[in-house]
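Read through the structure below, which is laid out as structure tokens, and then see the notes.
Keep in mind that the numbers below use all heavy atoms, side chains included, and drop hydrogens, waters and symmetry copies. Throughout, a chain's letter reflects where its sequence line sits, starting with A, and its residues are numbered from 1.
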There are 2 protein chains.
Amino acid sequence: MSVGAEQIIAVSGSELDSLADIFKAIGDPGRLKIVHSLLARELCVHELAQTVEMTPSAVSHQLRLLRGLKLVKRRRDGQRIFYSLDDAHISTLLSQALEHVREG
Amino acid sequence: MSVGAEQIIAVSGSELDSLADIFKAIGDPGRLKIVHSLLARELCVHELAQTVEMTPSAVSHQLRLLRGLKLVKRRRDGQRIFYSLDDAHISTLLSQALEHVREG
DNA sequence: TTAGCATATGAATAGATGTTCATATATTCA
DNA sequence: TGAATATATGAACATCTATTCATATGCTAA
């Protein structure tokens, strides 16, 4: 499903703004760690907090933002709420960016 | 040159920070417009300023940041300095993110 | 050299943002 | 019901950041 450069150029202003929102979201170290942690498997808030070394409150705040952008989704299991990636493209995004970093 | 999800998971903390820097860079609407404009062809500061509707000074400030991250490069031609993308992955990054936006 | 254009840069400021803290909501189990 | 655990949320605060303005630098052509 990849697109050519020609199509990339034809992007509306609002689409660019939406893109910026997504990039800004994973442009924060804490949120990027969260998303990165969810690449492996779904995690509850408590587990995420330990993994990324943030307070549950801070994680919850950031998850709310990520959820608003449809980057993560959640499901309840008893008292816990498990979060997972809501977007198949995210892992591809990360891999592409990773190539840049590792080549640079 | 694509990598699988397994390798994406094995990312060091500093690599994640570098990734966050890149995403944060193109997470700003102004800078994203700049990068997007450079997808088509190299542009001088003056042209960029008109294209993205920012002052030459503001554009220059942002180009400095993008250049520090090796996302754009420049070449002088007389009085003008032409900027272009310094990273083949950027267009792929944009296309992947664009798919998310358009599917969502 | 001087004038003029293009770009860069430093300082200042206004606005955005991530975290913390206190509190609220929700679920489970005794 | 009540206690304990998990998550969410609002307000406040400190930090970060993008732009503006003034000024400096660099190049070209008289």
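For the salt bridge (charged side-chain N to carboxylate O under 4.0 Å, His left out) condition, the pairs that include at least one residue of residues 10-20 of chain A, sequence neighbours left out, are E15(A)-R102(B).
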So if I define the base as every atom that isn't primed, P, OP1 or OP2, how would nucleotides 20-30 of chain D read as a B/S/- string at a heavy-atom cutoff under 4.0 Å? BBB---SBS--
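Side chain of S60(B) to main chain of P56(B): no donor-acceptor pair is present (N/O by atom type, distance under 3.5 Å, no hydrogens or angles). A donor-acceptor pair under 3.5 Å links the side-chain atoms of R76(B) to the main chain of G78(B), judged by distance alone.
Partners of E47(B) under the side-chain hydrogen bond (donor to acceptor under 3.5 Å, both in side chains) rule, at least two apart in sequence or in another chain, do not exist in this structure.
Taking only side-chain nitrogens and oxygens, R67(A) never comes nearer than 4.0 Å to OP1 or OP2 of dA8(D). Applying the 4.0 Å criterion to OP1 and OP2 of dA8(C), one finds that Y83(B) has a side-chain N or O inside that range. Checking the phosphate oxygens (OP1, OP2) of dG18(C), a side-chain nitrogen or oxygen of R31(A) falls inside 4.0 Å.
Side-chain contact between L38(A) and S84(A) is absent, with no heavy-atom pair separated by less than 4.5 Å. Looking at I90(A) and V35(A), their side chains come closer than 4.5 Å, going by heavy atoms from C-beta outward. Put simply, the side chain of K33(A) reaches to within 4.5 Å of the side chain of L16(B), judged on heavy atoms. Residues Y83(B) and L43(B) have side chains not in contact (no heavy-atom distance under 4.5 Å, counting atoms from C-beta outward). You'll find the side chain of V52(B) reaches within 4.5 Å of the side chain of S37(B), heavy atoms only.
The distance between atom CD of E42(A) and atom C1' of dA6(D), rounded to the nearest whole Å, is 16 Å. A straight line from CD1 of I81(A) to P of dT5(D) spans 18 Å, rounded to a whole angstrom. Protein atom CZ of R74(A) is 8 Å distant from nucleotide atom C1' of dA8(D), rounded to whole Å. For the pair R64(B) CZ and dA11(C) C1', the computed distance is 14 Å after rounding to whole Å. The distance from atom NE2 of H46(A) to atom P of dT5(D) is 11 Å, rounded to the nearest whole Å. As rounded to whole Å, 11 Å separates atom P of dT9(C) from atom CG of L63(B). The separation between L66(A) atom CG and dT7(D) atom P is 16 Å, rounded to whole Å. Protein atom CD of E53(A) is 12 Å distant from nucleotide atom P of dT20(C), rounded to whole Å.
If you check dG18(C), dT19(D), dT7(D) against the side chain of R80(A), the one that comes closest is dT7(D).
Listed in residue order, the members of residues 15-28 of chain A having a heavy atom less than 4.0 Å from DNA chain D come to none.
A distance of 11.0 Å separates CD1 in I22(B) from NZ in K70(B), rounded to the nearest 0.5 Å.
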Identify all side-chain donor-acceptor contacts of residues 61-68 of chain A below 3.5 Å with residues at least two apart in sequence or on another chain.
unit_1, atom_1, unit_2, atom_2, d
Q62(A), OE1, R31(A), NH1, 3.1

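From one end of the helix from dT1(C)-dA30(D) to dA30(C)-dT1(D) to the other, with five pairs defining each end axis, the axis direction shifts by 20° (rounded to 10°).
Residue F82(A) is out of contact with every strand shown, counting any heavy-atom pair closer than 4.0 Å.
Scanning both residues, L93(A) and F23(B), for their nearest heavy atoms gives O-CZ, 4.2 Å.
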